[in-house]
Amino acid sequence: MRRVQHLDELATLLEAGVDWQRASGAAGLPPGRAEPLRALEAAGWIRPEERPLLESLKTAGRLDRALRLLADRLHREENTERRIRAGLLLPALLWVVALVAAPLPALFRGELDGSGYLFAVLQPLVVTGLLVWAAFRFWRPLLRAWRRWRLRPGRLPGAGRRQALLRDLGAVLGAGVPADQALEGLAAAESGEFRRRLNTAAKACAEGLPVVEALRREAMLEPEREPGLLSSGEAAGRLPAVLQYRARELDGHLALRREIVAEWLPRGVYLLVLVYTGYWLVV
(Lines give C-alpha, C1' and ligand atoms only; values in the text may rest on other atoms or scores of the structure.)
Protein backbone atom coordinates (compact mmCIF):
# COMPACT_ATOMS: atom_id res chain seq x y z
CA MET A 1 0.00 0.00 0.00
CA ARG A 2 2.76 2.45 0.95
CA ARG A 3 4.63 1.78 -2.29
CA VAL A 4 1.57 2.73 -4.33
CA GLN A 5 0.99 5.80 -2.20
CA HIS A 6 4.60 6.98 -2.56
CA LEU A 7 4.62 6.51 -6.33
CA ASP A 8 1.27 8.26 -6.70
CA GLU A 9 2.43 11.26 -4.66
CA LEU A 10 5.74 11.48 -6.51
CA ALA A 11 4.06 11.28 -9.93
CA THR A 12 1.58 13.99 -8.92
CA LEU A 13 4.34 16.34 -7.81
CA LEU A 14 6.42 15.78 -10.95
CA GLU A 15 3.35 16.30 -13.15
CA ALA A 16 2.78 19.60 -11.35
CA GLY A 17 6.25 20.77 -12.39
CA VAL A 18 8.07 20.29 -9.07
CA ASP A 19 11.75 19.45 -9.57
CA TRP A 20 13.03 15.99 -8.70
CA GLN A 21 14.90 16.91 -5.51
CA ARG A 22 11.94 18.69 -3.93
CA ALA A 23 9.37 16.17 -5.18
CA SER A 24 11.31 13.13 -3.97
CA GLY A 25 11.88 14.70 -0.55
CA ALA A 26 8.22 15.65 -0.19
CA ALA A 27 7.12 12.14 -1.18
CA GLY A 28 9.36 10.59 1.48
CA LEU A 29 12.26 9.27 -0.59
CA PRO A 30 15.44 9.01 1.53
CA PRO A 31 17.93 11.74 0.56
CA GLY A 32 21.48 11.25 -0.64
CA ARG A 33 21.04 9.60 -4.04
CA ALA A 34 21.20 11.68 -7.19
CA GLU A 35 20.07 9.16 -9.83
CA PRO A 36 16.24 8.87 -9.62
CA LEU A 37 15.73 5.25 -10.65
CA ARG A 38 18.58 4.01 -8.50
CA ALA A 39 17.12 5.90 -5.56
CA LEU A 40 13.63 4.50 -6.20
CA GLU A 41 14.93 0.94 -6.47
CA ALA A 42 17.10 1.25 -3.36
CA ALA A 43 14.10 2.50 -1.40
CA GLY A 44 11.99 -0.44 -2.59
CA TRP A 45 9.54 1.75 -4.48
CA ILE A 46 10.17 0.04 -7.82
CA ARG A 47 11.14 -3.53 -8.65
CA PRO A 48 13.84 -4.65 -11.10
CA GLU A 49 11.30 -5.87 -13.68
CA GLU A 50 9.63 -2.43 -13.66
CA ARG A 51 12.83 -0.48 -14.32
CA PRO A 52 13.15 -0.86 -18.15
CA LEU A 53 9.90 1.01 -18.87
CA LEU A 54 10.82 3.71 -16.39
CA GLU A 55 14.28 3.97 -17.94
CA SER A 56 12.82 4.44 -21.43
CA LEU A 57 10.47 7.22 -20.36
CA LYS A 58 13.07 8.85 -18.13
CA THR A 59 15.44 9.04 -21.12
CA ALA A 60 12.68 10.82 -23.01
CA GLY A 61 12.19 13.26 -20.14
CA ARG A 62 8.87 11.77 -19.00
CA LEU A 63 9.65 10.20 -15.65
CA ASP A 64 6.40 11.65 -14.35
CA ARG A 65 4.45 9.72 -16.98
CA ALA A 66 6.32 6.50 -16.17
CA LEU A 67 5.56 6.79 -12.47
CA ARG A 68 1.91 7.57 -13.20
CA LEU A 69 1.59 4.44 -15.38
CA LEU A 70 3.18 2.29 -12.69
CA ALA A 71 1.09 3.79 -9.89
CA ASP A 72 -2.16 3.34 -11.84
CA ARG A 73 -1.35 -0.31 -12.58
CA LEU A 74 -0.53 -1.00 -8.94
CA HIS A 75 -3.75 0.75 -7.89
CA ARG A 76 -5.79 -1.59 -10.12
CA GLU A 77 -4.05 -4.67 -8.77
CA GLU A 78 -4.48 -3.49 -5.19
CA ASN A 79 -8.18 -2.72 -5.67
CA THR A 80 -8.74 -6.17 -7.17
CA GLU A 81 -7.00 -7.87 -4.24
CA ARG A 82 -8.94 -5.75 -1.75
CA ARG A 83 -12.28 -6.60 -3.34
CA ILE A 84 -11.51 -10.31 -3.46
CA ARG A 85 -10.47 -10.30 0.19
CA ALA A 86 -13.58 -8.39 1.22
CA GLY A 87 -15.81 -10.74 -0.76
CA LEU A 88 -14.19 -13.80 0.81
CA LEU A 89 -14.48 -12.60 4.42
CA LEU A 90 -18.01 -13.90 5.11
CA PRO A 91 -17.54 -17.18 3.19
CA ALA A 92 -14.28 -17.75 5.10
CA LEU A 93 -16.08 -17.27 8.43
CA LEU A 94 -18.79 -19.72 7.36
CA TRP A 95 -16.10 -22.20 6.32
CA VAL A 96 -14.49 -22.01 9.76
CA VAL A 97 -17.89 -22.49 11.41
CA ALA A 98 -18.52 -25.50 9.16
CA LEU A 99 -15.14 -27.02 10.09
CA VAL A 100 -16.02 -26.74 13.77
CA ALA A 101 -19.70 -27.70 13.58
CA ALA A 102 -19.83 -30.39 10.90
CA PRO A 103 -18.04 -33.14 12.95
CA LEU A 104 -20.15 -32.43 16.09
CA PRO A 105 -22.93 -34.96 15.24
CA ALA A 106 -20.29 -37.70 14.92
CA LEU A 107 -18.85 -36.64 18.28
CA PHE A 108 -22.29 -36.75 19.95
CA ARG A 109 -23.04 -40.19 18.44
CA GLY A 110 -19.81 -41.52 19.90
CA GLU A 111 -18.24 -42.16 16.50
CA LEU A 112 -15.43 -39.74 17.38
CA ASP A 113 -13.65 -39.24 20.68
CA GLY A 114 -12.22 -35.89 21.77
CA SER A 115 -8.90 -36.34 20.01
CA GLY A 116 -10.62 -37.55 16.85
CA TYR A 117 -12.85 -34.49 16.84
CA LEU A 118 -9.88 -32.16 17.29
CA PHE A 119 -8.06 -33.87 14.44
CA ALA A 120 -11.17 -33.62 12.21
CA VAL A 121 -11.32 -29.88 12.89
CA LEU A 122 -7.65 -28.95 12.88
CA GLN A 123 -6.53 -30.90 9.82
CA PRO A 124 -8.72 -29.07 7.26
CA LEU A 125 -8.24 -25.81 9.17
CA VAL A 126 -4.45 -26.00 8.86
CA VAL A 127 -4.66 -27.06 5.21
CA THR A 128 -7.02 -24.14 4.49
CA GLY A 129 -4.69 -21.68 6.20
CA LEU A 130 -1.70 -22.91 4.21
CA LEU A 131 -3.61 -22.74 0.92
CA VAL A 132 -4.84 -19.20 1.61
CA TRP A 133 -1.35 -18.05 2.60
CA ALA A 134 0.18 -19.63 -0.50
CA ALA A 135 -2.49 -18.12 -2.76
CA PHE A 136 -1.86 -14.54 -1.60
CA ARG A 137 1.91 -15.03 -1.32
CA PHE A 138 2.62 -16.72 -4.65
CA TRP A 139 -0.19 -15.75 -7.03
CA ARG A 140 1.95 -13.26 -8.96
CA PRO A 141 4.89 -15.67 -9.61
CA LEU A 142 2.43 -18.44 -10.49
CA LEU A 143 0.60 -16.12 -12.88
CA ARG A 144 3.87 -15.16 -14.59
CA ALA A 145 4.85 -18.83 -14.90
CA TRP A 146 1.43 -19.67 -16.35
CA ARG A 147 1.73 -16.87 -18.91
CA ARG A 148 5.19 -18.04 -19.97
CA TRP A 149 3.95 -21.59 -20.34
CA ARG A 150 0.93 -20.54 -22.44
CA LEU A 151 2.97 -18.35 -24.79
CA ARG A 152 4.32 -21.04 -27.05
CA PRO A 153 5.94 -20.04 -30.39
CA GLY A 154 3.37 -18.60 -32.80
CA ARG A 155 0.62 -18.38 -30.20
CA LEU A 156 -1.16 -15.08 -29.48
CA PRO A 157 -0.43 -13.58 -26.04
CA GLY A 158 -3.34 -13.26 -23.66
CA ALA A 159 -5.42 -10.11 -23.36
CA GLY A 160 -3.63 -9.04 -20.19
CA ARG A 161 -0.17 -9.13 -21.74
CA ARG A 162 -1.35 -7.44 -24.93
CA GLN A 163 -3.07 -4.71 -22.92
CA ALA A 164 0.11 -4.01 -20.95
CA LEU A 165 2.22 -4.04 -24.11
CA LEU A 166 -0.03 -1.65 -26.03
CA ARG A 167 -0.40 0.68 -23.05
CA ASP A 168 3.33 0.85 -22.31
CA LEU A 169 4.34 1.05 -25.96
CA GLY A 170 1.89 3.89 -26.52
CA ALA A 171 3.33 5.77 -23.55
CA VAL A 172 6.93 5.30 -24.66
CA LEU A 173 6.28 6.18 -28.31
CA GLY A 174 4.22 9.18 -27.22
CA ALA A 175 7.23 10.42 -25.27
CA GLY A 176 9.27 10.49 -28.50
CA VAL A 177 11.33 7.33 -28.05
CA PRO A 178 12.14 5.61 -31.40
CA ALA A 179 10.19 2.42 -32.01
CA ASP A 180 13.17 0.05 -31.98
CA GLN A 181 14.46 1.48 -28.69
CA ALA A 182 10.97 1.42 -27.19
CA LEU A 183 10.52 -2.27 -28.01
CA GLU A 184 14.00 -3.12 -26.74
CA GLY A 185 13.23 -1.34 -23.47
CA LEU A 186 9.98 -3.23 -23.04
CA ALA A 187 11.69 -6.51 -23.94
CA ALA A 188 14.22 -6.00 -21.14
CA ALA A 189 11.40 -6.32 -18.61
CA GLU A 190 10.20 -9.64 -20.07
CA SER A 191 11.61 -13.12 -20.37
CA GLY A 192 11.35 -16.20 -22.55
CA GLU A 193 9.29 -16.22 -25.73
CA PHE A 194 7.70 -12.83 -25.12
CA ARG A 195 11.11 -11.19 -24.81
CA ARG A 196 12.36 -12.92 -27.94
CA ARG A 197 9.39 -11.66 -29.96
CA LEU A 198 9.82 -8.08 -28.79
CA ASN A 199 13.54 -8.10 -29.59
CA THR A 200 12.85 -9.52 -33.05
CA ALA A 201 10.23 -6.82 -33.66
CA ALA A 202 12.72 -4.17 -32.46
CA LYS A 203 15.32 -5.37 -34.98
CA ALA A 204 12.70 -5.27 -37.74
CA CYS A 205 11.79 -1.70 -36.81
CA ALA A 206 15.45 -0.71 -36.83
CA GLU A 207 15.61 -2.03 -40.40
CA GLY A 208 12.69 0.20 -41.42
CA LEU A 209 9.64 -2.01 -40.94
CA PRO A 210 6.55 -0.23 -39.51
CA VAL A 211 5.85 -0.93 -35.86
CA VAL A 212 2.46 -2.54 -36.39
CA GLU A 213 3.74 -4.84 -39.14
CA ALA A 214 6.69 -5.88 -36.98
CA LEU A 215 4.34 -6.77 -34.12
CA ARG A 216 1.93 -8.55 -36.46
CA ARG A 217 4.69 -10.75 -37.87
CA GLU A 218 5.59 -11.82 -34.34
CA ALA A 219 1.96 -12.74 -33.55
CA MET A 220 1.72 -10.01 -30.91
CA LEU A 221 -1.59 -8.58 -32.16
CA GLU A 222 -5.09 -10.04 -32.33
CA PRO A 223 -5.29 -10.72 -36.09
CA GLU A 224 -8.93 -9.85 -36.75
CA ARG A 225 -8.97 -6.28 -35.44
CA GLU A 226 -5.75 -4.89 -34.04
CA PRO A 227 -3.50 -4.78 -37.15
CA GLY A 228 -6.03 -2.79 -39.19
CA LEU A 229 -6.89 -0.42 -36.34
CA LEU A 230 -3.30 0.25 -35.37
CA SER A 231 -2.05 0.52 -38.97
CA SER A 232 -4.60 3.27 -39.60
CA GLY A 233 -3.32 5.16 -36.59
CA GLU A 234 0.29 4.67 -37.64
CA ALA A 235 -0.43 5.92 -41.17
CA ALA A 236 -2.08 9.03 -39.71
CA GLY A 237 0.84 9.69 -37.37
CA ARG A 238 -1.32 8.98 -34.31
CA LEU A 239 -0.09 5.53 -33.34
CA PRO A 240 0.52 6.31 -29.61
CA ALA A 241 -3.04 7.57 -29.19
CA VAL A 242 -4.52 4.54 -30.98
CA LEU A 243 -2.37 2.18 -28.92
CA GLN A 244 -3.71 3.78 -25.76
CA TYR A 245 -7.27 3.56 -27.07
CA ARG A 246 -6.96 -0.15 -27.77
CA ALA A 247 -5.28 -0.68 -24.38
CA ARG A 248 -8.27 0.99 -22.68
CA GLU A 249 -10.63 -1.30 -24.60
CA LEU A 250 -8.74 -4.38 -23.45
CA ASP A 251 -8.62 -3.03 -19.90
CA GLY A 252 -12.42 -2.84 -19.96
CA HIS A 253 -12.61 -6.52 -20.93
CA LEU A 254 -10.12 -7.42 -18.22
CA ALA A 255 -12.09 -5.42 -15.65
CA LEU A 256 -15.15 -7.50 -16.49
CA ARG A 257 -13.14 -10.67 -15.93
CA ARG A 258 -11.97 -9.37 -12.56
CA GLU A 259 -15.58 -8.61 -11.62
CA ILE A 260 -16.59 -12.18 -12.51
CA VAL A 261 -13.75 -13.65 -10.44
CA ALA A 262 -14.58 -11.42 -7.46
CA GLU A 263 -18.25 -12.46 -7.71
CA TRP A 264 -17.80 -16.20 -8.17
CA LEU A 265 -14.97 -16.93 -5.73
CA PRO A 266 -17.24 -16.47 -2.67
CA ARG A 267 -19.86 -18.69 -4.31
CA GLY A 268 -17.25 -21.38 -4.71
CA VAL A 269 -16.52 -21.24 -0.99
CA TYR A 270 -20.26 -21.47 -0.21
CA LEU A 271 -20.43 -24.58 -2.36
CA LEU A 272 -17.43 -26.04 -0.54
CA VAL A 273 -19.18 -25.42 2.79
CA LEU A 274 -22.27 -27.28 1.56
CA VAL A 275 -20.25 -30.22 0.26
CA TYR A 276 -18.18 -30.50 3.45
CA THR A 277 -21.23 -30.29 5.69
CA GLY A 278 -23.08 -32.84 3.57
CA TYR A 279 -20.12 -35.21 3.80
CA TRP A 280 -20.26 -35.26 7.60
CA LEU A 281 -24.04 -35.76 7.53
CA VAL A 282 -23.85 -38.92 5.42
CA VAL A 283 -20.73 -40.60 6.85
Side-chain angles (χ1 to χ4, degrees), residues 1-5 44 47-50 71-152 155-164 191-194 250-283:
M1 173 62 183
R2 290 191 60 82
R3 185 166 87 104
V4 181
Q5 181 180 350
R47 294 171 179 159
E49 65 270 17
E50 297 163 348
D72 288 347
R73 178 175 63 80
L74 293 175
H75 267 303
R76 286 193 296 270
E77 292 180 358
E78 189 177 78
N79 289 337
T80 300
E81 287 186 26
R82 186 183 295 114
R83 175 162 185 186
I84 290 176
R85 287 177 180 175
L88 287 176
L89 181 59
L90 179 59
L93 291 175
L94 289 177
W95 173 242
V96 173
V97 171
L99 293 180
V100 175
L104 284 176
L107 176 65
F108 294 150
R109 291 194 300 265
E111 299 172 1
L112 290 176
D113 57 11
S115 60
Y117 171 77
L118 286 177
F119 181 79
V121 171
L122 292 178
Q123 182 188 36
L125 190 62
V126 171
V127 171
T128 300
L130 289 175
L131 289 176
V132 171
W133 173 82
F136 283 106
R137 175 65 178 81
F138 297 109
W139 75 269
R140 283 192 180 93
L142 289 174
L143 181 60
R144 286 195 293 268
W146 168 252
R147 286 175 172 176
R148 286 195 297 269
W149 179 82
R150 282 190 61 196
L151 191 63
R152 294 184 287 274
R155 188 166 183 176
L156 181 70
R161 302 196 79 175
R162 294 203 327 277
Q163 189 272 340
S191 61
E193 175 67 11
F194 202 77
L250 289 172
D251 189 54
H253 297 314
L254 294 170
L256 179 59
R257 292 185 188 180
R258 291 190 289 267
E259 291 286 335
I260 293 173
V261 170
E263 181 179 349
W264 279 94
L265 269 180
R267 298 180 183 181
V269 179
Y270 291 139
L271 178 61
L272 184 61
V273 169
L274 290 176
V275 172
Y276 184 78
T277 305
Y279 165 78
W280 279 101
L281 289 176
V282 299
V283 295

Can you find a heavy atom in the side chain of R3 that is under 4.5 Å from one in the side chain of R47? yes
In this structure, CG of L272 is separated from OG1 of T277 (nearest 0.5 Å) by 9.0 Å
Any non-hydrogen side-chain atom of Y270 less than 4.5 Å from a side-chain atom of L90? yes
Rounded to the nearest 0.5 angstrom, the CG-CG distance for D251 and D72 is 10.0 Å
Locate the shortest heavy-atom distance separating A98 from Y276; write the atom from each residue and the value. O-CE2, 3.8 Å
Find out whether P103 and V121 are in side-chain contact, i.e. whether some heavy atom of one side chain is under 4.5 Å from a heavy atom of the other. yes
CZ of R258 to CD of E81: how many Å apart, nearest 0.5 Å? 11.5 Å
Looking at G87 and P91, what are the two nearest heavy atoms and their distance? O-CD, 3.2 Å
Are the side chains of V4 and E77 in contact, using a 4.5 Å heavy-atom criterion? no
Please find the pair of heavy atoms, one from V269 and one from L88, that lie closest to each other, and give the distance. CG2-CD2, 3.9 Å
Interatomic distance, CD@E50 vs CZ@R73, rounded to 0.5 Å, equals 5.0 Å
Given side chain to side chain donor-acceptor pair (under 3.5 Å), test N79 with R76 step by step and report yes or no. CA-CA 5 Å; N79 289 337; R76 286 193 296 270; over 6 Å; no
Would a 4.5 Å heavy-atom cut-off, applied to side chains only, mark Y117 and V100 as touching? yes
Nearest-0.5 Å distance, OG1 of residue T128 to CD of residue Q123: 10.0 Å
Under 6.0 Å from the CZ atom of R137, do we count more than 12 heavy atoms belonging to anything else shown? no
Could you tell me which non-hydrogen atom of R257 sits nearest to which non-hydrogen atom of A159, and how far apart they are? NH2-CB, 4.0 Å
Distance-minimising heavy-atom pair for L112 and L107: O-CD1, 3.3 Å
Could you tell me the separation between the CD atom of E193 and the CZ atom of R155, rounded to the nearest 0.5 Å? 12.0 Å
Quick check on F119: does its CZ atom have over 12 non-hydrogen neighbours (other residues, nucleotides or ligands) under 6.0 Å away? no
